[in-house]
Amino acid sequence: MNYSIGVDIGGTKVACGLINENGDVIDQKMAPSQTETRETMFQCVIDCIEELLSSSSLPKEQLKGIGVGVPGKVDRDNGIAVFQNNIPWKNFPVVDRLKEVLDIDHIVIDNDVYMAAYAEWKDNQLIDELMVYVTVSTGISSAIIDAGSFIRGAGFAGEIGLIPICTDHGRAPLEKVAAGPALSQKAKKICVDESAEAKTLFKHYYEGQPEAKQLVNQFIDHLAQGIYMINSY
């Protein structure tokens, strides 16, 4: 049986999974992102992949390729991470560097959200339909698939996290007020705990804490504004 590796690179973590030709995930590994420099970030990716290969004991001849999801703008044809706002990889030759270290010929990259959207589109067999996929994590983004083809624009189509939305304190980019780091900051304020995370905010929300309910409702309003912008166009 043949296998491939999928790698998801983000500003918070790197995740990689070993997948067989039936689409089953055989094994997976995760590591915190090391965003101090472009090289620490690259080494983090290598370490995660090598840990996965080591634990699976997979013969290299059975590995047919690696697909890498990178945030921000990518040059798919040349395998370059062009621009990201949460990892230090401006014009970074991801594919060439991975081939050099891993000695694997078939490696491709695309925007991470586009890759996730394609997986959902294919799994749900939305062959002739228009699908919009939105992700909320370290940043906020979306991808649009129309009858099997991505609407890419000039390379930033779907980056709704960058659009300005209305808040109580004026206009701000959507992801600055509604992505994971923003929600973590809100959680720290209501918990007076520097270790609080976004999930802490939602935990207090479901427990009925008034301040948490107000903050989550603000998040919903901000996110709804961003999604409405997709519908408007």
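Nothing fancy with the numbering, it's 1 onward along the sequence.
- Cluster membership check: M41 shares its hydrophobic cluster with V101, using side-chain heavy-atom separations under 4.5 Å among Ile, Leu, Val, Met, Phe, Trp and Tyr.
- Both L102 and L63 belong to a single network of hydrophobic side chains, linked directly or stepwise wherever heavy atoms of I, L, V, M, F, W or Y lie under 4.5 Å apart.
- Screening residues 45-86 for ring-ring contact (aromatic ring centres under 6.0 Å, His included), with sequence neighbours left out, gives no hits.
- Listed here is the closest heavy atom pair of V7 and C16: CG2-CB, 4.0 Å.
- Inter-residue side-chain proximity for Q43 and I46 is flagged as met; some heavy-atom pair is nearer than 4.5 Å.
- Qualifying side chain to side chain donor-acceptor pair (under 3.5 Å) partners for K203, counting only residues two or more places apart in sequence or in other chains: E207.
- Applying the side chain to side chain donor-acceptor pair (under 3.5 Å) test to D24 and every residue at least two apart in sequence or in another chain returns N20.
- The aromatic rings of F219 and F202 lie perpendicular to each other, with more than 60° between the two planes, well past the 30° mark.
- When the side-chain contact (heavy atoms from CB on, under 4.5 Å) test is applied to Q185, the partners found at least two apart in sequence or on another chain are K188.
- Closest heavy-atom contact between Q209 and I190: OE1-CD1, 3.4 Å.
- Side-chain atoms of K64 and E21, non-hydrogen and from C-beta on, never get closer than 4.5 Å to each other.
- V134 places none of its side-chain heavy atoms less than 4.5 Å from the side chain of V113.
- For Y118, the ring pair (Phe, Tyr, Trp, His ring centres under 6.0 Å) partners are W121, not counting sequence neighbours.
- Between the Q34 side chain and the T40 main chain, no donor and acceptor come within less than 3.5 Å of each other.
- Cluster membership check: L183 shares its hydrophobic cluster with V216, using side-chain heavy-atom separations under 4.5 Å among Ile, Leu, Val, Met, Phe, Trp and Tyr.
- Side-chain contact check for K73 versus N111: every heavy-atom pair is 4.5 Å or farther apart.
- In terms of the ring pair (Phe, Tyr, Trp, His ring centres under 6.0 Å) criterion, residue partners of F150 (sequence neighbours excluded) are, by chain and number, Y114.
- Nearest heavy-atom pair, S142 versus V132, reported as atom, atom and distance to 0.1 Å: CB-CG1, 4.4 Å.
- In the hydrophobic clustering of ILVMFWY residues, with side-chain heavy atoms under 4.5 Å counting as a link, M115 and F92 come out apart.
- Side-chain contact check for S184 and E197: no donor-acceptor pair (N or O, by modelled atom type) lies under 3.5 Å.
- Residues R152 and R76 form a side-chain contact, since some pair of their non-hydrogen atoms from C-beta on lies under 4.5 Å apart.
- Between I140 and I160, the closest side-chain pair of non-hydrogen atoms falls below 4.5 Å.
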